[in-house]
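Remarks on the structure that follows.
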Protein chains: 2
Amino acid sequence: MELLKTGGIRPTLPRLAVAAKFFGNFNHPSAEDVWALVKAAYPGVSRATVYNTLELFAQKGLARRRALKGGRAVYDPVTERHHHLVDQATGRIYDIPWAAVRLPGNIALPDFEVEDYHLVILGRKKRGK
Amino acid sequence: MELLKTGGIRPTLPRLAVAAKFFGNFNHPSAEDVWALVKAAYPGVSRATVYNTLELFAQKGLARRRALKGGRAVYDPVTERHHHLVDQATGRIYDIPWAAVRLPGNIALPDFEVEDYHLVILGRKKRGK
DNA sequence: GTTCGTGCAAACGGTTTGCAACAAT
DNA sequence: ATTGTTGCAAACCGTTTGCACGAAC
């Protein structure tokens, strides 16, 4: 994965291991989740490195860290704007395409400088879908 | 505060202490924050009781538990619908009135049953305001 | 040789849990 | 008697940090 170079990240072996397990994982894994996956495939990688690497991805704009569930931070490999739905039954997080919801083009608040916004939707996945 | 009775909560002394410090606190305190306030005023109250009581408030619909910051859950005594702005500089959370943003009347997603939704806005408070 | 990256373990902070005592019904 | 509530401390879980070794420039 040489998109690491694009982000100005030296593609070391542990980082490639993290990237392999993280990018393309659309289940909004927590750092701990990613570590479990990495550890299974590449036992030598330490937890700290996984945490550091994910945070590095976030700083370089390759991922977003989100506070969507209590307690654990989740990382999102999708950097395009989108909304989130948190399934109240399972806790699973789903990406909702930006275009799926019609929103005012931009949000303006008198007292605040708005940098970004997204909808957090609470609901449940319809069974079977 | 006898809105506890309204919620079907037995108004014990520790719970009244928590209620006194929590309701009317619009700074989106974490459980730890509330405990610090309660402990200062009523030193006998244990941390577990504060945590239990806040969770009880949430279950009874007197408060909302929200995952807006990483790591710590915050409790919101405002139960009416509103949006949230997280100040990227300070981490402070502000309530944004529902009417401040024009949204589609209801959100419908084909695969999900939507129970609730709100905007999470990332921004910064304009200085002086 | 100075910086950067890594592994390991310990520390940390917030939250939850187990348990014994006690109050309410 | 049964249930609900409390305080205390310990356990727990995700995350961060300190440190020493090694690789890269």
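Throughout, protein chains are lettered first and strands after them, A, B, ... in sequence-line order, and every chain is numbered starting at 1. Everything numeric in this text was worked out from a predicted model, so none of it was measured.
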Integer-rounded Å distance: D/dT5 C1' and B/R10 CZ: 7 Å
OP1 or OP2 of D/dT6 under 4.0 Å from side-chain N/O of B/R47: no
Sugar-phosphate only, base, or nothing, as touched by A/G44 at under 4.0 Å among non-hydrogen atoms: sugar-phosphate
A/K69 NZ - C/dG14 C1' separation (whole Å): 18 Å
Pair A/Y94 + B/F112: ring centers closer than 6.0 Å: yes
Distance, rounded to the nearest Å, where A/W35 contributes CH2 and C/dA9 contributes P: 11 Å
Nearest-Å distance for atom pair CZ/P, residues A/F57 and C/dG5: 12 Å
Distance in angstrom units between A/Y42 OH and C/dG5 P, rounded: 20 Å
Nearest-Å distance for atom pair CD1/C1', residues B/I9 and D/dT6: 16 Å
Closest nucleotide among D/dG7, D/dT16, C/dT6 to the B/P14 side chain: D/dG7
Short side-chain N/O contact from B/T49 to OP1 or OP2 of D/dG7, under 4.0 Å: yes
Nearest listed nucleotide, side chain of B/A31, among C/dT15, D/dG14, D/dT17: C/dT15
B/D33 and B/H28 side chains, donor-acceptor separation under 3.5 Å: no
Nearest-angstrom distance from the residue atom NZ of A/K60 to C1' of C/dC4: 12 Å
Any B/R15 side-chain N or O less than 4.0 Å from OP1/OP2 of D/dT6: yes
Side-chain N,O (B/R72) to OP1/OP2 (C/dG13) below 4.0 Å: no
d(CG, A/N52; P, C/dT3) in whole Å: 19 Å
Within-4.5 Å side-chain heavy-atom neighbours: B/I93 and B/V74: yes
Phosphate OP1/OP2 of D/dT16: any A/Y51 side-chain N/O under 4.0 Å: no
Side chain proximity check, B/L109 to A/H83, heavy atoms < 4.5 angstrom: no
Under-4.0 Å side-chain N/O to phosphate OP1/OP2 contact, A/T12 with C/dT6: yes
Close side-chain approach of A/T53 and A/F22, heavy atoms under 4.5 Å: no
